[in-house]
Amino acid sequence: MLFKNTIKRAKAARQWIKQHRQLLMLLLAIVTMLILGGCYMNDHSAMLAIVIGGVAGGKHVVDEPLTTDLSREAAPDLLLNEIDQQIIKIRPMATPIDQLSRCAGSKHSGSMIVDYHNVDTKPTYTLMREDYDEPDDNSATADDAHPVIVTSNDEIFDASDTILVQGVYGYEADGETQSDQELVLYVLSRDSNNGLRVQAVNGKKIGDVDGCVPSISRGAVLIRMGRAATELDVMSPQFEALPHKAQQYCQIFKMQVEESTMHKIANKEVDWTMNDQEEAAIYDMRLGMEKSFLFGVKAKVWDNNKKENVMFTGGIWYQAGKEFTYGDEGFSQESIIDLMREAFTGNAGSKRKILIGGSQLIGCLNKLDYNRVITASDSITKWGIDFTELRSKFGTLYVLLSEVFDECGMENDGMIIAPEYLQKYTHVPFSAETLNLRASGVRNVDATVLTEASCLVLRYPKAHMRIIKM
């Protein structure tokens, strides 16, 4: 009997729903609108209420325009923060090395330890290590036309090379009249023990022997020139260049910014927000990185407290392959020309380089009266930095004061850098990560951690030069 009554009540309910379907649909719509309206008053709930899941795990926005706030809430990884651009815009003049490395581009490193290779150039000159004395008229023999000379670096010469001897003049075709052209030697062979067997191209006639090599003093400069082959020569002495392997460590740079919830909601006399604190932190972080990139010491140190190794990057100051010194008298027109010559010759580098230095060095450069040989022009902007140009026949220097040198007690020193041979390696790109310390029960703060793991290397050391006051 009970079962029959239940069936009758169910049939009656279905009949009532059928008769009042439109009323029920209207009530359901009203209730839905009230729920959505209540959720809309709560920012967090509103975003959850208008985002529905898709069949494959995606998210869809219903009846609302897509905004950045909604996107960051529903899909926090979709929108990217312009961290790199922000870094580049924060006081680039104060950190020229870091700025230049970011604008020039960075190579990704799959490890905190970077191995790289440099290919150097073969030396182009050397000096006489011993005096060579020409024979007397009465004692000259045919062997004196092919003497052995001893240099400081015989290995840079091979058979068939030609050598220009600076400061020693050759002779005309008659072998008796001295020429206005410097002496040129032809290398016959390199002695297995010591020295080069050579023949004079414009030699001197001594006694009855033609083409003798005139006297060459110890310390004379010998410049390696092109090879000279005969008509039947098919082969030449071999030339091979092997890259030199070097190693650098990436350093993990970090900076953490925190603001308590009470400080964030407190009334302030000026509009000072978390973004302002992050900008100040990035500037301080870049200053520290600049000093490490310049003067850091490559090392791996065990931290006893953390039970981990700490890696320190090596500074490019110590990687430079050339050095120029000046005295208490500062710079003159002649010493500036010498500096430019040293910076731009013998390294196959660019004819445009960067000179950064401390305030005393830049002051010495500014005290000079420049002429048509060495000229200083108005400022020029490159890589987001305002430089002053210093021009010469050797090349152009972009000059900039770096207060980092002053802070490190090197206000008299500086460095010339070839930007195309400055390479940055990045293991962890610069990023800003928000820490949820409030939810984890650590502190009631908003926290952001700035991180980068990177290093700088000079790919061609001879293209870069230190400037040091003695």
Side-chain angles (χ1 to χ4, degrees), residues 117-136 139-171 175 178-179 181-207 209-246 320-324 341-342 344-349 460-465:
H117 292 80
N118 293 323
V119 178
D120 207 346
T121 57
K122 191 176 180 180
T124 59
Y125 69 92
T126 187
L127 305 177
M128 285 287 290
R129 196 172 71 187
E130 299 176 2
D131 289 333
Y132 169 75
D133 297 321
E134 62 184 58
D136 297 331
S139 61
T141 64
D143 291 338
D144 293 318
H146 310 106
V148 173
I149 62 173
V150 181
T151 76
S152 300
N153 192 1
D154 295 338
E155 287 73 19
I156 70 172
F157 300 103
D158 284 302
S160 76
D161 276 342
T162 53
I163 301 174
L164 179 67
V165 184
Q166 280 193 342
V168 178
Y169 290 92
Y171 288 79
Q178 194 170 48
S179 171
Q181 296 180 335
E182 290 179 315
L183 177 66
V184 174
L185 304 177
Y186 174 70
V187 180
L188 298 172
S189 63
R190 189 172 62 208
D191 193 89
S192 58
N193 296 322
N194 198 14
L196 304 172
R197 187 166 294 278
V198 297
Q199 177 178 341
V201 175
N202 51 347
K204 178 180 182 182
K205 184 175 182 179
I206 301 178
V209 182
D210 293 324
C212 292
V213 176
S215 297
I216 306 175
S217 301
R218 179 177 179 272
V221 179
L222 306 178
I223 301 173
R224 180 170 57 86
M225 300 197 299
R227 292 180 176 177
T230 65
E231 182 178 350
L232 298 180
D233 280 342
V234 175
M235 300 179 64
S236 169
Q238 298 87 353
F239 176 85
E240 295 85 20
L242 296 177
H244 167 69
K245 185 175 181 179
K322 302 177 78 173
E323 187 171 294
F324 182 87
R341 176 190 176 191
E342 187 68 20
F344 288 103
T345 60
N347 54 62
Y460 185 19
K462 287 291 185 180
H464 315 270
M465 186 172 73

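What you see is a predicted model, and the numbers here were worked out from it, not measured in a lab.
- Surrounding CD of Glu130 are more than 12 heavy atoms belonging to other residues, nucleotides or ligands, all under 6.0 Å away.
- Side chain of Arg197 to backbone of Val148: no donor-acceptor contact under 3.5 angstrom is found.
- To the nearest 0.5 Å, atom OG of residue Ser215 and atom NZ of residue Lys204 are 7.0 Å apart.
- From Asn153, atom CG reaches atom CZ of Arg129 across 10.0 Å, with rounding to the nearest 0.5 Å.
- Of the inter-residue distances, the one linking Leu196 atom CG with Phe157 atom CZ reads 6.5 Å to the nearest 0.5 angstrom.
- In terms of heavy atoms, His464 sits closest to Ala320 at O-CB, 3.8 Å.
- Closest non-hydrogen pair, Val221 versus Leu127, comes out as CG2-CD2, 3.7 Å.
- Here the shortest heavy-atom pairing between Phe324 and Glu342 reads CD1-CB, 4.3 Å.
- Taking OH of Tyr186 as the reference point, atom CD1 of Ile163 lies at 11.5 Å (rounded to 0.5 Å).
- Distance alone, capped at 3.5 Å, places no donor-acceptor pair between the Gln199 side chain and the His146 backbone.
- Rounding to the nearest 0.5 Å places CD1 of Ile216 at 12.5 Å from CD of Gln166.
- Here the side chain of Thr126 pairs no donor or acceptor atom with the backbone of Thr151 at under 3.5 angstrom.
- Between Met128 and Leu222, the shortest heavy-atom contact is SD-CD1, 3.7 Å.
- Nearest heavy atoms, Cys212 versus Ala200: O-CB, 3.9 Å.
- Residues Asp158 and Arg190 meet the side-chain proximity criterion, which asks for heavy atoms closer than 4.5 Å.
- Although no hydrogens or angles enter the test, the distance criterion places no donor-acceptor pair under 3.5 Å between the side chain of Asp154 and the main chain of Asn194.
- Using modelled atom types, no side-chain atom of Asp210 and backbone atom of Lys205 make a donor-acceptor pair closer than 3.5 Å.
- The CZ atom of Arg224 sits 13.0 Å away from atom CG of Leu164, with the distance rounded to the nearest 0.5 Å.
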Val209/Thr141 under side-chain contact (heavy atoms from CB on, under 4.5 Å): CA gap, chis, key distance, verdict: CA-CA 6 Å; Val209 182; Thr141 64; 5.5 Å; no

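- Shown here for Gly175 and Tyr171, the closest heavy-atom pair between the two residues is O-CD2, 3.8 Å.
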